[in-house]
Number of protein chains: 2
Amino acid sequence: MARAGLTTERLTRAGAELADEVGFDQVTLSALARRFDVTVASLYSHLSNSRDLRTRIALLALDELAVRAADALAGRAGRDALAALGGVYRDYAREHPGRWSAAQLRLDPATAAASAGGRHAELTRAILRGYHLSEPDQTHAVRLLGSVFHGYVSLELGGGFSHSAPDTEQTWTRVIDALDALLRHWPAP
Amino acid sequence: MARAGLTTERLTRAGAELADEVGFDQVTLSALARRFDVTVASLYSHLSNSRDLRTRIALLALDELAVRAADALAGRAGRDALAALGGVYRDYAREHPGRWSAAQLRLDPATAAASAGGRHAELTRAILRGYHLSEPDQTHAVRLLGSVFHGYVSLELGGGFSHSAPDTEQTWTRVIDALDALLRHWPAP
DNA sequence: TGCGTTTGCCTAAAGGTTTTAGGAAACCTA
DNA sequence: TAGGTTTCCTAAAACCTTTAGGCAAACGCA
């Protein structure tokens with residue numbers, strides 16, 4: 001019987017596609033096996049279990065996001081950089097809703113430490129250099145920006161903003177304006 | 001055989017407790033049946049399926065949150081109200097992580113419209129009356145606050161802020177300060 | 001209080017997902 | 001090309017979901 005050419009890599013990528021198509025929590029080893037026309041047991045040579053698959057998809061998503069973010073931030077600063085970074089998250093979530101969900105997966109500390117999560121914080125910190133905040137305010141601001149981007153994208157994608165004017169596009173630019181203003185006039189304790 | 005006294009209500013509440021104990025995505029009809037010492041099939045007299053259970057837990061959580069929020073906001077305004085509302089989300093998520101996850105469940109539009117979601121937006125809007133924002137800025141601000149609270153709580157709960165000083169308690173008060181300052185000096189377009 | 005009806009919970013069964021164990025064919029390397 | 005390793009398979013057990021059909025307890029009404 002001919003080999004299917006399975007690989008942890010290929011399985012992870014296919015899992016990510018599957019997530020975007022049917023939703024991250026519908027990603028199943030069975031569905032993945034079907035996609036490769038292979039029995040489920042065969043997957044266990046490349047993945048230790050179904051949690052392993054989900055973790056790998058999450059790490060893939062975090063990495064893709066970090067790459068896009070680094071790309072988008074090149075040569076930008078200030079409000080421009082803010083809009084670029086937020087736009088990366090927003091666009092990615094719309095293009096790849098399943099991967100976006102995957103990126104929210106709770107990782108155990110060791111895995112999280114090895115993930116691209118730190119790069120995200122670093123990129124955010126890079127933006128803040130343009131706003132001349134010193135520690136610990138810079139860390140506070142990193143966390144605030146992370147919260148806003150994460151929260152906004154999740155709520156928008158989940159339909160939390162629908163059914164009401166004005167449209168989210170306007171809100172988005174105004175939110176960026178507001179963050180820019182806030183960082184330029186960061187309040188003293 | 002004696003009846004177990006099952007009710008959609010009781011099952012939903014038990015499901016919520018289960019979610020807090022083992023995680024929302026580990027909530028299963030089997031586990032619920034076990035908890036009541038009843039066969040799984042018996043649950044189908046009170047719940048149409050497992051998705052139904054999850055939806056009900058989500059609605060319960062949204063409602064509990066809205067009740068707590070309304071309570072906390074009574075008699076407060078400005079920064080005080082901001083801190084109170086955010087605190088409600090934060091405390092709820094820590095006390096009831098499973099319910100908090102449930103509250104993030106994507107609801108179909110009809111269910112979402114009948115949920116307590118609208119009350120949350122209304123409560124946020126009430127806070128903003130103290131900041132004298134006019135439409136459409138008020139809506140933008142409602143969405144921003146929703147994003148920050150949702151994002152902050154999710155990231156903090158997911159460990160996104162751990163492994164780094166300063167502690168999240170400090171960041172939290174500085175984030176509230178920042179939001180207060182931002183709303184008092186909301187930038188013109 | 002007795003009787004019919006409704007309801008609550010049951011057994012049974014089918015179908016899907018996860019995981020492990022063990023075997024055979026394909027691939028690589030010396 | 002012989003040996004060892006890797007890849008994929010069959011088989012089987014365990015668990016979750018859902019539907020169908022049945023019996024007895026609880027309810028409602030005369």
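Chain letters run A, B, ... following the sequence lines, proteins first and then strands; every chain starts at 1.
Using a cut-off of 4.0 Å between Lys/Arg side-chain N and Asp/Glu carboxylate O, Glu169(A) and Arg90(A) are scored as salt-bridged.
Between the CD atom of Gln26(B) and the C1' atom of dT17(C) there is a distance of 14 Å, given to the nearest Å. Spacing between atom CG of Asp25(B) and atom P of dC15(D) amounts to 19 Å, rounded to whole angstrom units. Atom CG in Leu29(A) sits roughly 18 Å away from atom P in dC15(D) (whole-Å rounding). Atom CG in Leu47(B) sits roughly 13 Å away from atom C1' in dG8(C) (whole-Å rounding). Computed from coordinates, the Leu6(A) CG to dT7(D) P distance equals 9 Å when rounded to whole Å. Atom-to-atom, CG of Leu18(A) to C1' of dT17(C) comes out at 14 Å; the value is rounded to the nearest Å. Put simply, CZ on Arg51(B) is 17 Å from C1' on dC16(D), counting in whole angstrom units. If you measure from atom CZ of Arg54(B) to atom P of dC16(D), you get 13 Å, rounded to the nearest angstrom.
Remark: the backbone N or O of Gln170(A) is paired with a side-chain donor or acceptor of Thr173(A) at under 3.5 angstrom.
Checking the phosphate oxygens (OP1, OP2) of dT6(D), no side-chain nitrogen or oxygen of His46(A) falls inside 4.0 Å. Considering only side-chain N and O atoms, Ser30(A) lies nowhere under 4.0 angstrom from the phosphate OP1 or OP2 of dG16(C). Applying the 4.0 Å criterion to OP1 and OP2 of dC16(D), one finds that Arg34(B) has a side-chain N or O inside that range. Phosphate proximity of dC16(D) to Ser50(B): absent, as no side-chain N or O sits under 4.0 Å from OP1 or OP2.
No close placement of the Tyr89(A) and Tyr152(A) rings is indicated, their centers lying 6.0 Å or farther apart.
The two atoms that bring Ser30(B) and Val40(B) nearest to each other are CA-CG2, 3.9 Å, heavy atoms only.
Thr28(A) comes within 4.0 angstrom of the backbone, heavy atoms only, and of no base. As judged by a 4.0 angstrom heavy-atom cut-off over every strand, Ser45(B) is placed among the base-contacting residues. Across all strands, Val38(A) comes closer than 4.0 Å only to sugar-phosphate atoms, never to a base (heavy-atom distances).
For Thr39(B), whose side chain is taken as the heavy atoms from C-beta onward, the closest listed nucleotide among dT18(D), dC9(D), dT11(C) is dT11(C). In this structure, of dC9(D), dT19(C), dT19(D), it is dT19(D) that holds the atom nearest to the side chain of Tyr44(B).
Of the N and O atoms on the side chains of His150(A) and Gln104(A), at least one donor lies less than 3.5 Å from an acceptor on the other residue.
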